[in-house]
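Below: one structure, written as structure tokens.
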Amino acid sequence: MAAVGRVLLILISMSAIYGLGASLYGARRGRPEWVDSARRAMYALAGMTLISFVILDVAFISSDFSYNIVAGGSSTTTPFFYRAAAIWSTQQGSLLLWVMLLSCWSSLALFLTRRRVREIVPYAQAVLFGLCIFFSGLTVLFANPFSTSSTPPTEGAGLDPLLRHTTMMIHPPMLYSGYTLLLVPFAFAVGALVSGRVGAEWIHVTRRFALAAWLCLGIGILLGARWSYTELGWGGYWAWDPVENAALMPWLCATAFIHSIMIQEKRGMLKVWNASLILATGCLAIIGTFLVRSGILSSIHAFVSDPTLNISFVALIMVMVIGSIALVVWRRDGLTSDAQLDSLFSREAVFLFQNLILVTLTAVIFWVTFFPLISEAITGTQVSVGPPAFRPFVVPLALIVVLLSGVGPIISWRRVTAAKLRRSFAFPVAVGLGTLAALALVSGVTRHLFAYLMFGFGAFVVASVAQEFFRGARARRAMTAEQLPVALVGLVRRNRRRYGGYLVHLGVAVALVGVAASTSFQHSRTATLRPGQSVREDGYTFTYVRATAAATAQKISLGAVLSVSKGGHHVTTVQTSYGLYPSQDQTHQIGRFFNGSNESRVGLDAGLTRDIWTVINPNVTPLQSLISRGDVLVARALRQDQRLPAAQRSKQVDVIFQLRDLLIQELTQRFVSHPWPAQFLLIVSPLVTWLWIGAIIAALGGLIALWPLPPPRRRTRRMGGPPPFSAAPSVPPIDSPQPLREPELV
Amino acid sequence: MPYLIVLVVLATAVYVISAPLRSASREREPDRGANEVAELEAARDAKYREIRDAELDVRTGKLSDDDYHAIDRTLRSEAVDILHRLDEVREG
């Protein structure tokens, strides 16, 4: 089937080239049948990439090591679900996943717009095909997932142990979905600029794609943070790593875009800003892919690197950046606003300010992330930057973003009077200030000022969103006489975009409160303990109860059981372990089980107020002399085996390997029977759980905002003449899909 | 077998992609009016959303009655303009 895959890759590239040509030909010559044909080429392309992907995944699941990437990224001992997901742990497989997701989302977008925005679609199609050509071209020319070996190994190298984590099965497809979904509004923005149709039409047809991209990217970022927290063994969830930043930057820009397009939809303003923003976001999505795939900046999240792709990616990014700037400059006259800002005290003004902050935040992260490369280009030395380089800029900007996410929901569009402003702000401001005052009284705000401010601002956001839900439900109840909870559900159902958005604001504020608390008030220490010994941290006593060990064909696991108590009362028992995976080194038949890849299993007790997080770093040095002796014995036995007649050899080899396995079991058990001191990292971190809870709330809000409204109830009665509601505002419009004065308005 | 699969996929792709070209003679001219109608309908829906948002804002106490009436009047007048244009395009 590898041959089928290779031919399909060529057909995919040819379809993309045809689609690009047909789209442009159809647009320039006014031949819609060619544009339709190109659209169908995208469907065909999506179908062929799906078939290719299935062929490759079946090879992974069935451990067909004739495929080079299966031999390099999987093994028979890799569990089924990880074998199924191992495809995107490889460079080639992840590029194929990229093409598949891009072609599927593009097909969906083109299907939904097949009878709309006809001037824009051909050029948008051409851009999407161009991107398909690039990525499918990479798989054909540089990273062919279907390359095979005529002498396949009997066993594969296995999946990187760090990737054997539940979240890693979903994390990469979510991030890639985010990146590829962002390219749909990017392509339509290019189409709008090329065709000169720079109104809000392209926004109407791609808004949901931008929102879905934001949601997928956000979920992907969250899953990556969770993986980092529970798998990497350093105790954090965000390290300002280049790959983390690569996903965060387009997410921040997409957040700005989702807000600012509302102003263009409603007021016809910010056209040049919105076009520039989505073009920049599209470029950042490709830059993000480049950072992950190229390994140009060292990252804990990059598992493959291929410098041969660098030139291709840099060329694509240059074309996208220069082309975007040229398009905006070319169409600058058509991108003038239809209206002006009525008041600085309006939702438009808040959105605009929030946009500026988010874009500044993105620019800061971009600059610091790429600073090592810039410094290397200038000085010849690549400096490394870590979290301290980001925090002075990011923390104040994040505070402003949180504050604005509380202001946005309680301020109206266009303008607001001072009296209404006071009425809307009184409760949230009181809650925010009350929280700050209470915290100052309890703890005395002498340090971590920014963290305390985040708590105050977070409380302000929670109060403002709660107030909005309450007032909305109360207004609906006044009209429908429903019970308050029923009215609340009805309110959200009828105004999904608005109240889904408010939930997102709430979730983000809650998550950032969790971030502020866990980074500012975390207590951590490393300690070397023997079984029975204890150490205290942040009022908790950690006792190393006993060592644990297990050996399987997949890995050796050395761990510890820790008891945690506070004030003499038992709090929890946690178990942490350190997994050692065998290397491919066949000369050290025992040593290879101790010198391969490794991973940490965190001992975690998560709670609403604090997380107790532990990880062990076992000391295997005392086993080293026994391991070396075992290696010599096994090697000698294998050499002697070579001298035996062929008929006896296989039986003898089986016996040697059974003995070797017994030796490994014995060595492993020594870790329990002769426990040496082990090193532990022990962390007590407050409110971390609220980061995950906030993220779930935000994702739920995003889903609500994304969920389509029920079909409008159309009126069948049609009166003659123009709609009368301009003269009498209380009269409903005649052909409104949702009558203006309908009783269920809120 | 692999050749057969490739041939089937290729034939299906060619059939799907070439369908609009094969029926090109039956294709109607690009309906520019339909585009404009779609755009005006989108603008109308956006305007309706804006009117409903303003009403929700006044009901939840964010807008004063005076501001609401002024904004509502403007929005409805803009909506009427869109509806007039929509009728014009549809009629002719």
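A, B, ... follow the sequence lines: proteins, then strands. Residue 1 opens every chain.
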Begin with the C-alpha distance, continue with both residues' side-chain angles, and end with the deciding distance and a verdict on side-chain contact (heavy atoms from CB on, under 4.5 Å) for N495(A) and R52(B).
CA-CA 10 Å; N495(A) 300 278; R52(B) 282 197 300 275; 5.8 Å; no
With only heavy atoms counted, which part of L63(B) is less than 4.5 Å from chain A, the side chain, the backbone, both or neither?
both
Has F345(A) got more than 12 heavy atoms of other residues, nucleotides or ligands less than 6.0 Å from its CZ?
no
Non-hydrogen atoms of chain B under 4.5 Å away: do they reach the side chain of Y18(A), the backbone, both or neither?
side chain
What part of A200(A) lies closer than 4.5 angstrom to a heavy atom of chain B: side chain, backbone, both or neither?
neither
Could you have a look at H69(B), K62(B), R49(B) and say which one has the most heavy-atom pairs with chain A under 4.5 angstrom?
K62(B)
So does D57(B) pair up with R498(A), basic N to acidic O under 4.0 Å?
yes
The reported gap from CH2 in W413(A) to CG in L75(B) (rounded to nearest 0.5 angstrom) is 12.0 Å
Interchain contact, E78(B) with chain A, by part (heavy-atom threshold 4.5 Å):
side chain
Minimal non-hydrogen separation, H204(A) against A46(B), with atom names
CE1-CB, 4.0 Å
Can you tell which part of V4(A) gets under 4.5 Å to a heavy atom of chain B, answering side chain, backbone, both or neither?
both
CD on E41(B) to CZ on R116(A), rounded to 0.5 Å
9.0 Å
R114(A) atom CZ, over 12 foreign heavy atoms within 6.0 Å
yes
Answer with side chain, backbone, both or neither: which region of E201(A) has an atom nearer than 4.5 Å to a non-hydrogen atom of chain B?
side chain
What part of S424(A) gets within 4.5 angstrom of chain B, counting heavy atoms only: side chain, backbone, both, or neither?
side chain
I51(A) portion near chain B, given a 4.5 angstrom heavy-atom threshold:
side chain
With only heavy atoms counted, which part of V16(B) is less than 4.5 Å from chain A, the side chain, the backbone, both or neither?
both
Closest-packed option against chain B by number of heavy-atom pairs under 4.5 Å, given E265(A), E468(A), M48(A):
E468(A)
Could you look at R6(A) and say if it's the side chain, the backbone, both or neither that has a heavy atom under 4.5 Å from chain B?
neither
Supply the atom-to-atom distance L8(A) CG to I5(B) CD1, rounded to the nearest 0.5 angstrom.
9.0 Å
Chain B contact via R197(A) - side chain, backbone, both or neither, heavy atoms under 4.5 Å:
side chain
Is there a donor-acceptor pair under 3.5 Å between the side chain of S37(A) and the backbone N or O of S18(B)?
no
Answer yes or no: is there a donor N or O on one side and an acceptor on the other, between the side chain of K420(A) and the main chain of V58(B), under 3.5 Å?
no
Given D53(B) and K266(A), is the side-chain contact (heavy atoms from CB on, under 4.5 Å) satisfied, shown in steps?
CA-CA 10 Å; D53(B) 279 347; K266(A) 283 178 183 293; 2.5 Å; yes
Rounded to the nearest 0.5 Å, the CD1 atom of I17(B) sits from the CZ atom of R39(A) at a distance of 12.0 Å
Identify the two heavy atoms, one from P20(B) and one from E33(A), that lie closest to each other, and give their separation to 0.1 Å.
CB-O, 3.5 Å
